[in-house]
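Structure record follows, encoded as structure tokens.
A note on names: the letters A, B, ... follow the listed sequences, proteins ahead of strands, and every chain is numbered from 1.
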2 protein chains.
Amino acid sequence: MAAREPLNREKILDAALVIADELGLSGLSMRRLAKGLGVEAMALYNHVANKTAILDGLAERVFAEVEPPDPALPWPERVRSLATSMHAAFGRHPVVPLALVTDQANPTTLAALRPLEALIGAFAEAGFDDDGVRRALSSVNALVYGTLALTTLGFGKEPGGSFGPEHLDVFVRKVDPAKLPHFSRLLASMPAADPAEDFAWALNRLIAGLEAAAPVRDGAS
Amino acid sequence: MAAREPLNREKILDAALVIADELGLSGLSMRRLAKGLGVEAMALYNHVANKTAILDGLAERVFAEVEPPDPALPWPERVRSLATSMHAAFGRHPVVPLALVTDQANPTTLAALRPLEALIGAFAEAGFDDDGVRRALSSVNALVYGTLALTTLGFGKEPGGSFGPEHLDVFVRKVDPAKLPHFSRLLASMPAADPAEDFAWALNRLIAGLEAAAPVRDGAS
DNA sequence: ACCTGAACACCGTTCAAGT
DNA sequence: ACCTGAACACCGTTCAAGT
């Protein structure tokens, strides 16, 4: 067989995303990544500056998966579309929101910032001033990252995330229904929940609140 | 001098919170914590099961700082009070939300669950069914954790968190205003932002949206 | 009962050395 | 130009040994 082709940044990012999707952020180590590529850990540093650069690269790729909304849509629909697409893309690759939230990634490229640009544009069109745009943007971002934090983050393995039955057991055994009546009752309805539907519901509530506060209710029709 | 008094769980948690507030979650290692207590790392294991147990203890303490709302208040006010108090308590000790989000803490004690119990009670009183309660609860939780994630998390050191000028510089240097016009303009208004005020604004928007969807608008006169 | 020393199986990263 | 070996300064945790 011929000698192995040299490594490059793209191959490293491909392998890193596979490992991270399978083992989570904590499972993505330089040594394990190198082993998967048939190389020693130190060889990676010929192609990427450090681990942060790898996580930046992954973040950029996932941000690029976010679908640009139809510009003809009224601003609330564009916000809904963007937030939903961000939630879906991050949900497919939870390493990325986790790395962003823990400051291990900080992408500054065009591809990574385009979804934010579109969100900001929608809020500007709604008539918010600079303070209002910043606040509206932060609220939608917070809902996206917060929802992911409560469902898929930290749970490196399970695909659906959320409260799997294993996690519920911890509570069911320990919680005293006499002292936490509402909480105990709610536990029963948790496993049936669909994270994507719950996010859509929460997003609709927030957008309704934003519309009520926007100087311009609807840019279209 | 007399021999040092033996360690105990409380002393360990005291020291751990001080270190975590100063150095962040990544700065809180068993070895450093032990050194601060004048002991070897392995001595800690006589009093706590492992690092997770320490983080659970910290989470419990911070949840206990959340102020119980006046039960006479209408449900939207109770939700606002609880979410605001949670945001403030977590903002004082960002280790805790970060540990929760990364699944390094998972407290199941009464003290830690009481704020959730109160939130659930408020939403039940609003007339939501079990699905609605779970979704309303998740939305408020997501906003709290998500807001903290975007402002104070990952930033172990800086007290105000958010976009300090250091972080802005990264963007200001790299972002092309021609390609990201909205984003570039927004950068100017970021440093003046007050995270607590921005959170209050976002929370008001979400609660407005929840009220519009609630079967019972207002429990009180 | 409480603490220590040494060890195990890991991290990210640097630097000199090899081809 | 690209890769390796050895090393540095860390992790959480276990286990046998000390007092």
Legend entry - Intra- and inter-strand pairs of DNA chain C in dot-bracket (Watson-Crick or G-U wobble, both distances under 3.5 Å; | for another strand): ||.|||||...|||||.||
Taking all atoms of both residues into account, what is the closest heavy-atom pair of [X] and [Y], and its distance?
X        : Y       : value
B:Val140 : B:Ala83 : CG1-CB, 3.9 Å
A:Leu82  : A:Glu67 : CD2-O, 4.1 Å
B:Val66  : B:Ala89 : CG2-CB, 4.3 Å

Inset, instruction - Tell me which of A:Arg31 and A:Val39 sits closer to the 5' end of DNA chain D, going by the nucleotide each one is nearest to. - result: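 Here A:Val39 is the residue nearer the 5' end.
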How is [X] classified with respect to the nucleic acid when contacts are heavy atoms under 4.0 Å: base, sugar-phosphate, or nothing?
X       : answer
A:Met42 : base
B:Leu28 : sugar-phosphate
B:Ile54 : nothing

Legend entry - Along DNA chain C, first and last positions that approach a heavy atom of chain A under 4.0 Å: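 Taking any atom under 4.0 Å from a heavy atom of chain A, the span is C:dC11 to C:dT14.
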Please check if the side chain of [X] supplies one atom and the backbone of [Y] the other of a donor-acceptor pair under 3.5 Å.
X        : Y        : value
B:Asp56  : B:Asn106 : yes
B:Ser139 : B:Ala136 : yes
A:His47  : A:Ile12  : no

Inset, instruction - Let me know which of A:Val144, A:Val101, A:Asn141 forms a side-chain contact (heavy atoms from CB on, under 4.5 Å) with B:Leu150. - result: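 That would be A:Asn141; it is the only one of A:Val144, A:Val101, A:Asn141 passing the side-chain contact (heavy atoms from CB on, under 4.5 Å) with B:Leu150.
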Legend entry - C1'-based separation of D:dA9 from C:dC10 [nearest Å]: 13 Å
Legend entry - Under-4.0 Å salt bridge between B:Asp14 and B:Lys11: no
Legend entry - 5' priority, DNA chain C, between B:His47 and A:Ser26 [closest heavy atom]: B:His47
